[in-house]
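Since the structure is predicted, the reported quantities are computational estimates derived from the model, not experimental observations.
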Amino acid sequence: MEATKGVTNMALAHEIVLNGGFQIKPKEPPEGSLEKHVRDIVHKAFWDCFEAQFREDPPVYDHAIILLGEIKETFFSFLLPGHTRLRNQINEVLDLELIKQEAENGALNIPKLADFIIGMMGTLCAPARDEEIRKLRHIKEPIELFRSIFSVLDLMKLDMANFTISSVRPHLMQQSVEYERKKFQDFFEKQQDSLEIVSEWLQEVAYTLAPSRPEDVGPVATEAADRTPCPVIVLNQAYVKLLSWDHSHKLFPETLLMDQIRFQEMQMELAQLTLLGTLLSITHNSAGPTLSGNHEFQDRIKNVIRVLLLDVGSVPINTNDVLVTVSEKICFELKSSLAQHGFTPFSAEREAALKGQIQTAGSPSNQVYRLIDNRIQTFLLNSLGPSSLRSLPALPNGLGPIQKELEEIAVKFVRLVNYNKMVFSPYYDSVLSKILNKEGSRA
């Protein structure tokens, strides 16, 4: 339980640092779920009881006083240490002992208290909540007013939490590397085999990069076998390997679990981008140099394909079905552009050949697809080199049409990898040292 709590805190800090747009959102149980059903029953029972007390003659204010106490504590949670005047105001008006005495003597003025509460909410809320505060002033029925007050207070709590997150982010970024490493070390010490997947991940890459065994190849390999792979190269190659990870059947490395969703999203984006690059290459080759050099045609074809590929990679979508649609649309656009510019019309044979190429473009065995994929992987690997701290590497040939999208992914990838290295480099160094020493001794 201690380890789980530490990991939860670490994950929250990690998300705040890496996701500049991170905000806490209101939690709403799924429609029809047991959680929502139970919550609705409990809330209804509470407010029904509150209303029943309010309707008694004379009214009973037990529930109302409890709610006023909660409102008072919520106000205090919004105050900073220097808000002495506001704190004194709240204490004076929401004095629970005095309110209890007034209730017992039939002198409790609910509208007056509600007016103060709404005014204080207007003082403490963010400008974005001014409209909600204005609506509260028009509610006259006490039960509905209390319910609405608590609804707006919940929003104000979220606003305060998100303001705190944005305020603490710069300070957290300065301390986050050491903080995450310490939290992970606490978890590491409480678990057995807690780097097992990391070791397998790096071992697999190191093995593929290791030189051939001398007994298999001869004297030329003997010299190469003395050169074990560089740890930096192994680690960088391992990060690129994560972009083609089989998430359904393989566990993700322990040091990257908090970023697994980010890697999955990049993997899907890259799959779509590789397919986009493949289809653009096939289309431009079929269109001929005159039409493929037309920027308007290039942009239109690219936008058409991008829209049609948006859901490729998600579970219910069949890529082959999408490619059939893409082939029809590309041929239509191609024929329209040829006719518009007065070029030779597309023959039925060329159209059939182009459709066949497009419909097989998503196959891993497709030569164009493999070429584009290989060049994208090379670009991403080179992006992790020392020069990437200054700028991205030169773009390989054939990737010009998808340069903007590829560079956007590369920037996210490099930022994620560099941060992960800063936090977990001591662990990687230790694991790689054992792996590469073992490889060297075998050679």
Side-chain angles (χ1 to χ4, degrees), residues 1 4-5 7-12 14-16 18-19 21-55 62-64 66-67 69-71 73-74 77 117 121 125-126 128-136 138-165 245-252 257-269 271-272 307-319 321-322 325:
M1 289 177 65
T4 301
K5 182 179 179 181
V7 169
T8 301
N9 291 338
M10 180 175 67
L12 179 60
H14 183 82
E15 194 66 28
I16 291 171
L18 284 183
N19 183 358
F22 174 77
Q23 286 191 327
I24 297 175
K25 301 287 175 58
K27 184 180 183 298
E28 186 64 33
E31 196 65 39
S33 66
L34 177 62
E35 181 184 359
K36 187 177 190 308
H37 184 61
V38 171
R39 189 199 67 174
D40 290 347
I41 290 174
V42 172
H43 282 195
K44 185 177 186 306
F46 176 84
W47 290 109
D48 286 350
C49 182
F50 182 31
E51 183 174 9
Q53 288 189 345
F54 224 80
R55 303 296 182 209
D62 293 352
H63 272 56
I66 292 172
L67 294 181
E70 290 186 17
I71 292 171
E73 291 305 314
T74 301
S77 72
I117 289 168
M121 289 171 70
C125 75
R129 302 301 173 198
D130 287 346
E131 180 61 22
E132 280 91 343
I133 300 298
R134 186 188 65 78
K135 290 177 181 177
L136 290 178
H138 292 87
I139 301 175
K140 302 304 179 183
E141 205 280 317
I143 310 303
E144 180 60 30
L145 179 58
F146 267 97
R147 294 186 69 157
S148 299
I149 283 173
F150 273 91
S151 178
V152 176
L153 283 174
D154 285 342
L155 295 175
M156 289 173 63
K157 289 176 186 177
L158 284 175
D159 293 339
M160 178 58 72
N162 288 324
F163 172 75
T164 304
I165 287 171
W245 197 263
D246 184 358
H247 294 271
S248 301
H249 300 95
K250 293 178 68 176
L251 295 175
F252 212 58
L257 281 174
M258 291 186 295
D259 294 314
Q260 184 171 10
I261 292 176
R262 289 187 175 89
F263 274 96
Q264 286 177 301
E265 290 171 349
M266 283 191 289
Q267 186 171 341
M268 185 172 172
E269 290 173 10
Q272 293 177 0
V307 170
L308 293 174
L309 295 183
L310 275 179
D311 294 323
V312 167
S314 54
V315 175
I317 302 301
N318 186 308
T319 304
D321 293 341
V322 173
T325 305

Query raised in the report: Pairs in or reaching into residues 153-164: which pass side-chain hydrogen bond (donor to acceptor under 3.5 Å, both in side chains), with residues at least two apart or in two chains?
Result: Arg129-Asp159
Query raised in the report: Are there more than 12 heavy atoms of other residues, nucleotides or ligands under 6.0 Å from atom CZ of Phe150?
Result: yes
Residues forming a side-chain contact (heavy atoms from CB on, under 4.5 Å) with [X], sequence neighbours excluded:
X: Asp321; result: Asn318
X: Leu251; result: Ile197
X: Glu73; result: Phe76

**Report entry** Contacts of type ring-ring contact (aromatic ring centres under 6.0 Å, His included), residue Phe263, not counting sequence neighbours
**Finding:** Phe252
Report task. Could I get the full list of ring-ring contact (aromatic ring centres under 6.0 Å, His included) partners for Phe46, not counting sequence neighbours? Result -> His63
Which residues pass the salt bridge (Lys or Arg N to Asp or Glu O under 4.0 Å) test with [X], sequence neighbours left out?
X: Arg147; answer: none
X: Lys44; answer: Asp48
X: Glu265; answer: none
X: Asp40; answer: Lys36

Query - Residue list, side-chain hydrogen bond (donor to acceptor under 3.5 Å, both in side chains) with Glu141, at least two apart or on another chain - result: Arg55
**Report entry** Those residues that, when tested against His43, pass side-chain hydrogen bond (donor to acceptor under 3.5 Å, both in side chains) (two or more places apart)
**Finding:** none
Query - Side-chain donor/acceptor of Ser151 to backbone N/O of Ser148, under 3.5 Å - result: no
Query - Ile139 backbone acceptor or donor facing Glu144 side chain under 3.5 Å - result: no
Using every non-hydrogen atom in the two residues, find where [X] and [Y] come nearest and quote the distance to one decimal.
X: Leu155; Y: Glu132; value: CD1-OE2, 4.2 Å
X: Leu310; Y: Met268; value: O-CE, 4.4 Å
X: Leu308; Y: Val322; value: O-CG1, 3.3 Å
X: Gln272; Y: Val312; value: NE2-O, 2.8 Å

About how many Å separate [atom2] of [Y] and [atom1] of [X], when rounded to the nearest 0.5 Å?
X: Lys250; Y: Trp245; atom1: NZ; atom2: CH2; value: 4.0 Å
X: Thr74; Y: Ile149; atom1: OG1; atom2: CD1; value: 11.5 Å
X: Glu70; Y: Ile66; atom1: CD; atom2: CD1; value: 7.5 Å
X: Glu35; Y: His37; atom1: CD; atom2: NE2; value: 13.0 Å
X: Glu131; Y: Lys135; atom1: CD; atom2: NZ; value: 5.0 Å

Query raised in the report: Can you tell if the side chain of Leu153 reaches within under 4.5 Å of the side chain of Met156, non-hydrogen atoms only?
Result: yes
Report task. Return the orientation label for the Phe50 and Phe54 ring planes: parallel under 30°, perpendicular over 60°, tilted otherwise. Result -> perpendicular
